Protein chains: 2
Amino acid sequence: MSRQNDKRNQLVNAADKLFHQKGINITTLADIASLAKVPLGNVYYYFKSKDSIVEAVIQMRRQQLHEKMAEWNILASARDRLVALIEWQTTLSQETAASGDALGSLCQELGKQHGVLADMAAELLHELIQWCEKQWQALGRVTEAHTLACKLVASLQGMNLLVLSFKDPNLLNCHTQVLLQELGVRETVAS
Amino acid sequence: MSRQNDKRNQLVNAADKLFHQKGINITTLADIASLAKVPLGNVYYYFKSKDSIVEAVIQMRRQQLHEKMAEWNILASARDRLVALIEWQTTLSQETAASGDALGSLCQELGKQHGVLADMAAELLHELIQWCEKQWQALGRVTEAHTLACKLVASLQGMNLLVLSFKDPNLLNCHTQVLLQELGVRETVAS
DNA sequence: GTCTATATACAGATAGAC
DNA sequence: GTCTATCTGTATATAGAC
């Protein structure tokens, strides 16, 4: 952890926040430098271009996603692990209402540009789906696992879009109830 | 339909296409003017700002959505009307894989900016959900109609994001099968 | 009404002092 | 390594000839 990495991390964290809040295209290097309290020109000592900052942000988010999944993996039952994912989304409902889902907007914005960055963002989504797939397999839904995983992630992402559009965090709580119920149908006993 | 409106419409159509393909923020007035074969400076005779072009595009899409819904409304059963919506999405799978869903990306991009335009885009999504809600009511699912409508639109929108991210139109076909089956569960007989 | 030329502002990126 | 000053390109928007 050198001094150099400190400043670099400040820049990546600032970019991460601004990309989420305003979108990548609208965010300027000046915005990032300003939030990170680093002089504009200095940015190019750490990154050769704006794209390489975007790449660094994606890598950081990938790391964070891995940590989240590792955290969920500790849970004993696959059902609880899926519940943890869904509940995690609800804890983000406030910021989702303000700025959308970080992963979803990243994929949406980069997806149109057809570049390497789009593939990297898509890879994050892919890893999340793969993780869900494993949980469904553990629940015995082996043949349908992939479809169910896509369905779950799509539902969450679609709901995040509604939450953003209608600025209504509560919509997410309401809908995740349904998702949780659907999970419960096969796993819990009536009580 | 004066000559004036012709050029205006050319500009709106060009903007509509480019906003979908590249996103609003990345699309420049020069891009729009060029595609519409209108000199750049002339754009300001028809629109006072870029935002007012965005507004015109949203209004046009609103009109198109109304036409689509009117078209579907002709169908006899509410179930067929919902099927028509889902199948319409699948017919768009190619362009969704290339540029995402037009409505979804609009809401995602504008949703972060918290302006009047964001509200207008959200209104489109709202109208689609309301339309779905009516169909569910007609199917007798009165109390759950709103939830089911949100769920359906969210599923479609989420799937559109996966299709864009993974550049895989077939994913949509695959998933809409599931949605159609779910609709079918309550309405069709085994055969 | 239509278009050319241009003002103005600001983006990403660079040069080079310290 | 760090920062100031600035280049270069290009965006939105305007002025004004025709």
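Note on naming: letters A, B, ... go to the chains in the order of the sequence lines (proteins, then strands), and numbering restarts at 1 for each one. What you are looking at is a predicted structure, and each value in this text was computed from that prediction instead of being measured.
Contacts of A:R61 classified as salt bridge (Lys or Arg N to Asp or Glu O under 4.0 Å), with partners at least two apart in sequence or in another chain: A:D16. With sequence neighbours excluded, no residue forms a side-chain hydrogen bond (donor to acceptor under 3.5 Å, both in side chains) with B:K17. B:E87 meets the salt bridge (Lys or Arg N to Asp or Glu O under 4.0 Å) test with no other residue; sequence neighbours excluded.
Within the 4.0 Å cut-off from OP1 or OP2 of D:dC3, at least one side-chain nitrogen or oxygen of A:N42 is found. Contact annotation: A:Y45 side-chain N/O to D:dG1 OP1/OP2 distance is under 4.0 Å. Between A:Y44 and D:dC3 there is no side-chain N or O to OP1 or OP2 distance below 4.0 Å.
Here D:dT12 presents its P atom at 4 Å from CG of B:L29, a figure rounded to the nearest Å. Here C:dT2 presents its P atom at 11 Å from CG of B:L11, a figure rounded to the nearest Å. At whole-Å resolution of the value, NZ in B:K50 and P in C:dA9 are 19 Å apart. For the pair A:D6 CG and D:dG1 P, the computed distance is 13 Å after rounding to whole Å. Separating the CG atom of B:D51 from the P atom of D:dA11 is a distance of 17 Å, rounded to the nearest angstrom. Rounded to a whole Å, the CG atom of A:N25 is 13 Å from the C1' atom of C:dG12. For the pair A:Y46 OH and D:dT2 C1', the computed distance is 7 Å after rounding to whole Å. Atom-to-atom, NZ of A:K48 to P of C:dA13 comes out at 10 Å; the value is rounded to the nearest Å.
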Set out, line by line, the N/O atom pairs under 3.5 Å between protein and nucleotides 16-18 of chain D.
none

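Listed by residue number, A:P39, A:G41 are the residues of residues 32-41 of chain A with a heavy-atom contact under 4.0 Å to DNA chain D.
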**Asked** When you look at A:E127 and A:H66, which way does the side chain to side chain contact (heavy atoms under 4.5 Å, CB included) test go after all the steps?
**Response** CA-CA 9 Å; A:E127 289 186 14; A:H66 288 174; 2.5 Å; yes
**Asked** Is there a salt bridge (charged side-chain N to carboxylate O under 4.0 Å, His left out) between A:K151 and B:E182 once you walk through the steps?
**Response** CA-CA 12 Å; A:K151 228 188 106 169; B:E182 285 175 6; 2.4 Å; yes
**Message:** Run B:L152 and B:L85 through side chain to side chain contact (heavy atoms under 4.5 Å, CB included) and show every step you take.
**Reply:** CA-CA 10 Å; B:L152 177 58; B:L85 162 62; 4.3 Å; yes
N/O donor to acceptor pairs below 3.5 angstrom from side-chain atoms of residues 29-39 of chain A, sequence neighbours left out:
from: A:D31; atom 1: OD1; to: A:T28; atom 2: OG1; distance (Å): 3.4
from: A:D31; atom 1: OD2; to: A:K22; atom 2: NZ; distance (Å): 3.0
from: A:D31; atom 1: OD2; to: A:T28; atom 2: N; distance (Å): 3.1
from: A:D31; atom 1: OD2; to: A:T28; atom 2: OG1; distance (Å): 3.1

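Side-chain contact annotation: B:W131 with B:N73, donor-acceptor N/O pair under 3.5 Å present.
Counting heavy atoms from C-beta on, the side chains of B:L162 and B:L172 never come closer than 4.5 Å.
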